[in-house]
Amino acid sequence: MNKTHEQETKEPIGFDGKLNKAFSDINTQIQQHIDKTFCNTNNIRWMAESLLKDGYLKISNIVPDSVKRVFHEDVRSLLSQFAKRRDIHIEVYW
Amino acid sequence: MSNVRQQDIAEHGEVIPAVYHSPPLLKFLGELAKESIIPNPWEYEKFIINRQEKTGDTHGWHWGDYPYSMIWIIQAPDMSCGGLLECIPHTYWDKKELMIQEHVLQNPISTRAHIAGDIYVLKSDTTLHRVTPLVKDATRIIVNMAWEREMDRDRAVTHETFAFRD
């Protein structure tokens, strides 16, 4: 493929869970939610089969609403500060 | 299409990196995938925020550089605006000979519409997929997260889809 997007020059930032203020609480919420919501191993089996068969699995309840809410807030905040239009022109197949 | 890069999310975001690296989430995804998965060794392709907004904004047919993706739908337009997910599972990416048109012609295509709040997992390295062009100005915002197989943590990866994943 011929890409013409700008070079990404900024170095990536790694992750340190000890420095992330949300990490511990997010983990607790997700763990408790998964234990409660996906305790039926038979359901997990069919979800796994579906992902294998379709290459796709819609699983909107994979995190609790409380995590989803703060996740969306994070997205909105980042978009307002850092979103940049980067049109990428590549070979079109269809 | 506008986006927020990994670097800005990692530096200034809090919840997105925390969720991406969450051990219970990764463990559960591994149960769905039937194999252990890990955060991407290549930082740049861990997560990205994409916003389609103008008529014609699209994310053309492609496979993912990494095997598992999770897409969070933050905002979605009405399906009449376009921005639909189309998938062809069980297709294989020959980087020397893509044959996108052949894959599209010879396989059934699954089309899916989403609403805000939806989350889906994609077996992105073997599912040819695209997001259809917006047919009118409208807003579709997603977060794309990508993970690697633990067994492939040291494999060499080229990054054909870098910066335009969905």
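Labels below follow one simple rule: chain letters A, B, ... track the order of the sequence lines, proteins then strands, and each chain is numbered from 1.
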Between B:L25 and B:I38, is there shared hydrophobic-cluster membership here, with clusters defined by ILVMFWY side-chain heavy atoms closer than 4.5 Å?
no
How long is the gap from OH on B:Y120 to CG on A:L51, to the nearest 0.5 Å?
13.0 Å
Should we count NZ of B:K34 as having more than 12 external heavy atoms under 6.0 Å?
yes
Can A:I26 be reached from A:I59 by stepping across I, L, V, M, F, W or Y side chains whose heavy atoms are under 4.5 Å apart?
yes
Show your reasoning for whether side-chain contact (heavy atoms from CB on, under 4.5 Å) applies to A:K58 and B:R112.
CA-CA 10 Å; A:K58 184 174 165 182; B:R112 294 175 173 94; over 6 Å; no
So which part of A:I44 gets closer than 4.5 Å to some heavy atom of chain B, the side chain, the backbone, both or neither?
both
Tabulate, in ascending numerical order, the residues of residues 13-22 of chain B having at least one heavy atom closer than 4.5 Å to a heavy atom of chain A, or enter 'none'.
B:G13, B:E14, B:V15, B:I16, B:P17, B:A18, B:V19, B:H21, B:S22
I'd like to know which of A:A22, A:G14, A:G17 tops the heavy-atom pair count under 4.5 Å against chain B.
A:A22
Taking every non-hydrogen atom, the tightest pair across A:G55 and B:P89
N-CB, 4.0 Å
With a 4.5 Å cut-off on side-chain heavy atoms, are A:F71 and B:V143 touching?
yes
Less than 4.5 Å apart, any side-chain heavy atom of A:I30 and any of B:F28?
no
Are A:V70 and A:F15 connected, step by step, through hydrophobic side chains (Ile, Leu, Val, Met, Phe, Trp, Tyr) whose heavy atoms are closer than 4.5 Å?
no
Looking only at heavy atoms and a cut-off of under 4.5 Å, which of B:I141, B:T58, B:T126 has the most pairs with chain A?
B:I141
Can you find a pair of side-chain heavy atoms, one from B:K123 and one from A:L52, that are under 4.5 Å apart?
no
Using heavy-atom distances under 4.5 Å, tell me whether A:N27 contacts chain B through its side chain, its backbone, both, or neither.
both
Please answer: with hydrophobic residues joined when any side-chain heavy atoms are less than 4.5 Å apart, are B:L84 and A:Y56 in the same cluster?
no
So, taking the atom named CG in A:L57 and the one named CG in B:L29, what distance separates them when rounded to the nearest 0.5 Å?
9.5 Å
When heavy-atom pairs shorter than 4.5 Å are enumerated against chain B, which of A:A48, A:S50, A:S77 gives the highest number?
A:A48
Measuring from atom NE2 of A:H72 to atom CD1 of B:I73, what distance do you get when rounded to the nearest 0.5 angstrom?
9.0 Å
Do A:K68 and B:I119 have side chains that approach each other closer than 4.5 Å (heavy atoms only, starting at C-beta)?
yes
Worked check of side-chain contact (heavy atoms from CB on, under 4.5 Å) between A:V75 and B:W72:
CA-CA 10 Å; A:V75 174; B:W72 301 61; over 6 Å; no
Taking B:W147 as the starting point, is it possible to reach A:I34 by hopping between hydrophobic residues whose side chains are less than 4.5 Å apart?
yes
Atom of B:V4, atom of A:L78 and distance for their closest heavy-atom approach
CG2-O, 3.8 Å
Between B:T127 and chain A, which part of the residue has a heavy atom less than 4.5 Å away: side chain, backbone, both or neither?
side chain
B:E31 portion near chain A, given a 4.5 angstrom heavy-atom threshold
both
Measure the shortest side-chain to side-chain distance between A:R85 and B:K54 over non-hydrogen atoms and say whether it is less than 4.5 angstrom.
yes
In Å, rounded to the nearest 0.5 Å, how long is the span from CG of B:D8 to CG of A:L79?
11.0 Å
Among B:S124, B:G117, B:P23, which residue forms the greatest number of heavy-atom pairs with chain A at distances under 4.5 Å?
B:G117
Is it the side chain or the backbone of A:R76 that comes within 4.5 Å of chain B heavy atoms, both, or neither?
side chain
How long is the gap from CD1 on B:I88 to CG on A:D54, to the nearest 0.5 Å?
13.5 Å
Measuring from atom CD1 of B:I9 to atom CZ of A:F82, what distance do you get when rounded to the nearest 0.5 angstrom?
10.0 Å
